Amino acid sequence: MFKPVDPNVKFPQLEEDVLAWWEANDIVAKSLTAGEKPFVFYEGPPTANGRPGLHHTISRSFKDVILRYRSMQGYRIIGRREGWDTHGLPVEIEIEKKLGFSGKPDIERFGIAEFNRLCRESVWEYIQEWKAFTKRIAFWLSEDAYITYENDYIESTWWIFRQLWDRGLLFRDYKVTMHCPRCGTSLSDHEVSLGARDDVDDPSVYIKFRVKGTTAPPPAVDGTLNDAFLVAWTTTPWTLPANVALAVKHDAEYVEVEHNGERLVMAAALVDQVLPAESFTVLRRFRGNDLVGLRYEPLFRGVPGTGDTVDWETAYRVIADEIVSLDDGTGIVHIAPAYGDLEVGRKHGLPTLFSVGLDGRVLPEFAELGFAGKFFKEADPDITRNLKSRGLLLRSGRVRHYYPFCWRCSTPLLYYAKRSWYIRTTAFKADLVANNQQIHWVPEHIRDGRFGNWLENNIDWAISRERYWGTPIPIWTNADGSHMVCIGSLAELEEKVGRSLRDIDLHRPYIDEVVWEDPNHGLMRRIPDVADCWFDSGSMPVAQWHYPFENRDVFEMAHPADYICEAVDQTRGWFYTLHAVSTLLFDRPAFKNVICLGHILDKDGQKMSKSRGNVIEPQEVINAYGVDALRWYLFTAAPPGNARRFSMDLVSESMRKFLLTLWNTYAFFVTYANLDQWQPNSGRTAEVQPIDRWALAALNQLVQNVTDAFEEYDVYTAANAIEHFVDELSNWYVRRNRRRFWKSESDADKEAAYQTLYTCLVTVAKLAAPFTPFVSEVIYRNLVAEHDASAPESVHLARWPHVDRALLDDQLVADTEALLTAVSLGRAARKQANLKVRQPLSELWLRASTPALLNGVRRFEAELRDELNVKAVRYLDANSAVVEYRLKPNLRLVGKKFGKLVPALTAALRDLSGDTARAAAQAVEAGQPVRLPVDGQEIELLAEEVLVESSAPEGYAVAEADGMLVALNTTVTEELRLEGAARDLVRYIQEARKSAGLAISDRIHLFLTSADEADLLTATLAKYGDYVKNETLAVALDIGTPPDDAYTETNEFGDGTVTVGIVVAR
RNA sequence: GGGCGUAUAGCUCAGCCGGUUAGAGCGCGAUCCUGAUAAGAUCGAGGUCGGUGGUUCGAGUCCACCUACGCCCA
């Protein structure tokens, strides 16, 4: 006996039970340690300082499904362990918020030790929720986690730093970085992109610079422009005090115009956009080059950087540079090297002057102007006002444009020239590109598209962060920076300082206290920077094993990974850092296969975010429909690379469509198998029917298809193939074979049906196990494990099904498809004639356009008769005089062969009619060529190049599609009418039995009465009384009014009604 | 400004090497089938396949340009 199956299953409850069983039987641990051949997986570490969300569900589901598949194939999964990303600015920001801090000085006052202690704690804030979530969604991982803040992990990253250092790949340079004044740190490119907006409202000001003098040698215009104004445009007035030059485009045309009594200079192409029409007259025209060397009066005096000496002669002049465009502005560009134009400044020997400090506030040197100490954006109006009062403002307004913001704290960012540390990834561009070619990307276009493109445009990796909670960069330096060493291990550091550091916390501030006196260079102190936290996660292939200090063998085996999976935002994040570290250190990719997931959107296509309030919590979905339903939806709804819209309703649909269909098929099987006390592997003889062979052929084809798709990491195709099969199993195989399960004899035919359905269910449970681990487990356990002590106790410990090639049968599958087409057409024809399927009909005519199709139908003619409730199937051939024929070319074949002749050919075939068409149709059916004149020449078409269609015979209901025509004889004879009436009665009685709540096996005493169709009822029962009794388990049948205690229902019957009365027989 | 992707029914999505009447599911309406079914079948309403041009005998599909949206980069 199988455990009875509840048809009203509640999946969330079922899943909880399975979880408990897994727990009690240690299934996860057994799975984690099973297998032989290694399959290597890297877990992209999340940070547990936020709650797990839907996007985590999707990535973890896609990770899990592949790992389960490989595990069932007998692989041992390496790296199936938790990993936690613990460092970085996001963590610090959280703590700062909590403490109400507004920048680095607050942290320093508070104390780095305590601050970092809080950071370390906070990354575990939601760890319990993560653990519960991981378990609940059945993402099987070992809890033996790698943690990026642990000393061992840090030591491994130090080893990497040292490798890079020894090869000269670590360097320090001035670069303009995006600087967040609130966080007090540079942001990496990928961080900048996270917070940039392109609809930022900013000032748009046109500033006048008064020309005064020239450099030597003087420019072409010489002194003639003295006291004219060069007009420049900017959206960042706060950078104007840092101005050191004005740039023009060397070959562009510039004009001197007269406007309101002043002479203004700007690009000819832009003057109409800057000044109102007819408010100016053009005085002169120049080339940009003619202006180079003009001097102008500075608006303000900028502040030199600390310790810098400035040659003021080099400042406040006109230069020509490539960066000038004529797309907007005035064609004259204000240059402030400190805030973005550093390269230009270098090229032209300009000084670097500052107006705003790293804290984002206007420098105290501007005190007398009244805006010192103001936040830079807030100083904009003051500066504009100041210039206006001095008559130097031509125009001001607002503009919407792109501007970057801190992705964490939303503070506007500064372009700021700072010194920082870099990894010279650009030196390895060719290797990065080449190694990428070895990676199998899903979807494919990421490889040469988004990711390949990113590698092509590679820039050096800014690795240092002037922060606190992160991997300390292991570089020690003396006071003047003339001597630096990079430390590659704890042992090396111990040797330097001459004491044990075993109990030290490698984080700041403790590591900063580790100093030593170098006899030649003085006191060696660590640089204050910590590493970009992307460096941590990118180093995980090495650091998760504490390589090379431990686990050398594990690392060698587990690099590169066979498979990783994250969302598309990681192209510039983890995918890149993994790839970069691996290429630089080992010159090979870090992973072989990667599924790159699209983002999840709400039902309106909007990104889910807390601020929009459209976030769906995974728990909400899981509580309603269960994890299997959610997972199934994620796998089947869209190819993984697409962005996907999500809603609860879609998960519900997914559950009904697949899980319930599967469950009901399973419940049906168990119900009848238990009634018959059926056992698997009983050794009883089975008389296998064609439909059984069809089911097994389709099943084995499914195994093949799912396996093939998995090998390509095509989860979407694999899942949809399963769904399609389950649908056919339920709605064709089970529906067609119900009677074989019902019938009372336990013969070989019934045995075959049981065996077939059992095999299908067990195999599907295994195929579905990676996708829907819970329901698969329940089905497998009830059907297999609980009856067979030798079978693996869990479906997840079972072996992946293999294809039984002997059972594959393409012909059978194709023939069944033909049958299904014919059935569908027959139903359509019935609908047209308004003849319900219960009403038997005498005959059906069928025409198939190809022999293959025809043979398919012939093979299953009995099924066709039964499905469509017709007495006979007849075949129309070209000899039948009842129909007209239409001919069409088979374009796929004919097109290539005849090219331009195709339209004429099509017309010529279409114009055939009557006997000519019939003759052609006969030829095609006989496999002979058809000759016909086209465009004055004789064309010969092979039989397969012509498609024959036929019109409906008179008096028939017809449906046609997919090369097949079905015509039903609609004449209902008296005999057919009685038979239809009998089937109506059976149907009504069954319905009444069900409504009355009778058990399937209950016997009844039946009462039938019809006031207005008494004759029909009598005639029907005279002929079909026994049939009706038999079908409905009636031990007695009376024509007459039922007793008062009978259950009664009245239904349409003939042109009147019939009343059914039921009393349970004792 | 550049790159990548997406655009097909009210909604979610398929659509292969270019080929005959562009499909499925959901939803809606109608009918039917059903003693496994929270199911299923048939029919109907609902499509300028984002737009314009091109290649071709033939374009949802290939090419070019454009538009909108998303992501990434500047």
Side-chain angles (χ1 to χ4, degrees), chain A residues 5 7-9 189-190 192-194 196 325 327 402 404 443 445-446 448-454 456-457 459 567-569 571-572 598-599 601 603-607 633 636-639 641-647 649-650 652-657 659-672 720 723-724 727 730-732 734-735 738 741-742 823-832 834-838 867 869 888-896 898-906 947 949 959-963 987 990-991 993-994 998-1001 1031-1033:
Chain A
V5 175
N8 298 316
V9 61
D189 298 308
H190 29 254
V192 171
S193 63
L194 290 174
S325 93
D327 293 341
Y402 168 94
H445 62 77
I446 304 277
D448 294 322
R450 190 174 285 211
F451 195 68
N453 223 277
W454 164 253
E456 289 291 348
N457 298 314
I459 52 167
V568 65
D569 51 296
T571 24
R572 267 72 174 184
H599 284 130
L601 308 172
K603 65 178 182 348
D604 302 317
Q606 297 283 308
K607 199 156 81 178
Y633 163 76
T636 53
N642 292 11
R644 58 184 72 219
R645 299 187 181 200
F646 185 92
S647 74
D649 289 344
L650 292 170
S652 160
E653 183 187 327
S654 181
M655 177 191 71
R656 289 198 311 270
K657 197 155 168 276
L659 290 181
L660 280 174
T661 308
L662 176 61
W663 189 261
N664 289 324
T665 308
Y666 160 66
F668 171 88
F669 171 82
V670 168
T671 304
Y672 286 94
N720 278 292
E723 183 164 298
H724 180 74
D727 182 65
S730 167
N731 288 313
W732 183 251
V734 172
R735 190 166 59 78
R738 261 187 291 233
F741 294 96
W742 295 344
V823 167
S824 169
L825 288 172
R827 290 209 184 103
R830 273 188 172 274
K831 169 74 190 175
Q832 237 178 68
N834 201 17
L835 286 164
K836 53 192 177 186
V837 178
R838 279 204 304 269
E867 272 295 304
N869 198 14
K888 297 202 300 196
N890 187 346
L891 285 174
R892 202 185 286 260
L893 300 175
V894 160
K896 296 240 158 38
F898 293 101
K900 286 188 201 287
L901 223 59
V902 167
L905 183 65
T906 308
L947 300 176
E949 290 176 355
E960 187 176 12
D962 297 336
R987 167 80 202 112
Q990 300 289 36
E991 189 65 42
R993 285 181 60 112
K994 199 173 176 184
L998 268 59
I1000 294 172
S1001 53
E1031 285 291 312
T1032 60
L1033 300 186

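Owing to the predicted nature of the structure, the values given are computational and were not obtained by experimental measurement.
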Next on the checklist: If the condition is side chain to side chain contact (heavy atoms under 4.5 Å, CB included), which residues does R987(A) pass it with, not counting sequence neighbours?
Outcome noted: R838(A), Q990(A), E991(A)

Checklist entry - Who passes side-chain hydrogen bond (donor to acceptor under 3.5 Å, both in side chains) against N453(A), sequence neighbours left out? => result N457(A)

Next on the checklist: So, using salt bridge (Lys or Arg N to Asp or Glu O under 4.0 Å) as the criterion, who are the partners of R738(A) when residues are at least two apart?
Outcome noted: none

Checklist entry - Of all residues at least two apart in sequence or in a different chain, which pass the side chain to side chain contact (heavy atoms under 4.5 Å, CB included) check with S654(A)? => result W632(A), Y633(A), T636(A)

Item to check | Partner set under salt bridge (Lys or Arg N to Asp or Glu O under 4.0 Å) for E723(A), not counting sequence neighbours | outcome: K657(A)

Next on the checklist: Restricting to side chain to side chain contact (heavy atoms under 4.5 Å, CB included), what partner residues turn up for A667(A), sequence neighbours left out?
Outcome noted: V5(A)

Taking only N/O atoms, report every protein-nucleotides 13-16 of chain B pair under 3.5 Å with atom names and distance.
from: rC13(B); atom 1: OP1; to: R645(A); atom 2: N; distance (Å): 3.4
from: rA14(B); atom 1: OP1; to: N642(A); atom 2: ND2; distance (Å): 3.4

Item to check | For P903(A), side chain to side chain contact (heavy atoms under 4.5 Å, CB included) partners two or more places apart | outcome: none

Next on the checklist: Return a single string for nucleotides 25-32 of chain B, one symbol per nucleotide in 5' to 3' order, where B is base contact, S is sugar-phosphate-only contact and - is none, cutoff 4.0 angstrom on heavy atoms.
Outcome noted: SS----SS

Pairs under 3.5 Å (N/O, protein and nucleotides 56-63 of chain B):
from: rC57(B); atom 1: OP1; to: K900(A); atom 2: NZ; distance (Å): 3.1
from: rC57(B); atom 1: OP2; to: K900(A); atom 2: NZ; distance (Å): 2.8
from: rC57(B); atom 1: O4'; to: G899(A); atom 2: O; distance (Å): 3.4
from: rC57(B); atom 1: N1; to: G899(A); atom 2: O; distance (Å): 3.2
from: rC57(B); atom 1: N4; to: G895(A); atom 2: O; distance (Å): 3.4

Checklist outcome for this item: Those stems involving RNA chain B that have three or more consecutive Watson-Crick or G-U pairs, both distances under 3.5 Å, are B:1-7 with B:67-73, B:10-13 with B:23-26, B:28-32 with B:40-44, B:50-54 with B:62-66

Checklist outcome for this item: side-chain hydrogen bond (donor to acceptor under 3.5 Å, both in side chains) filter on N869(A), not counting sequence neighbours, yields R983(A)

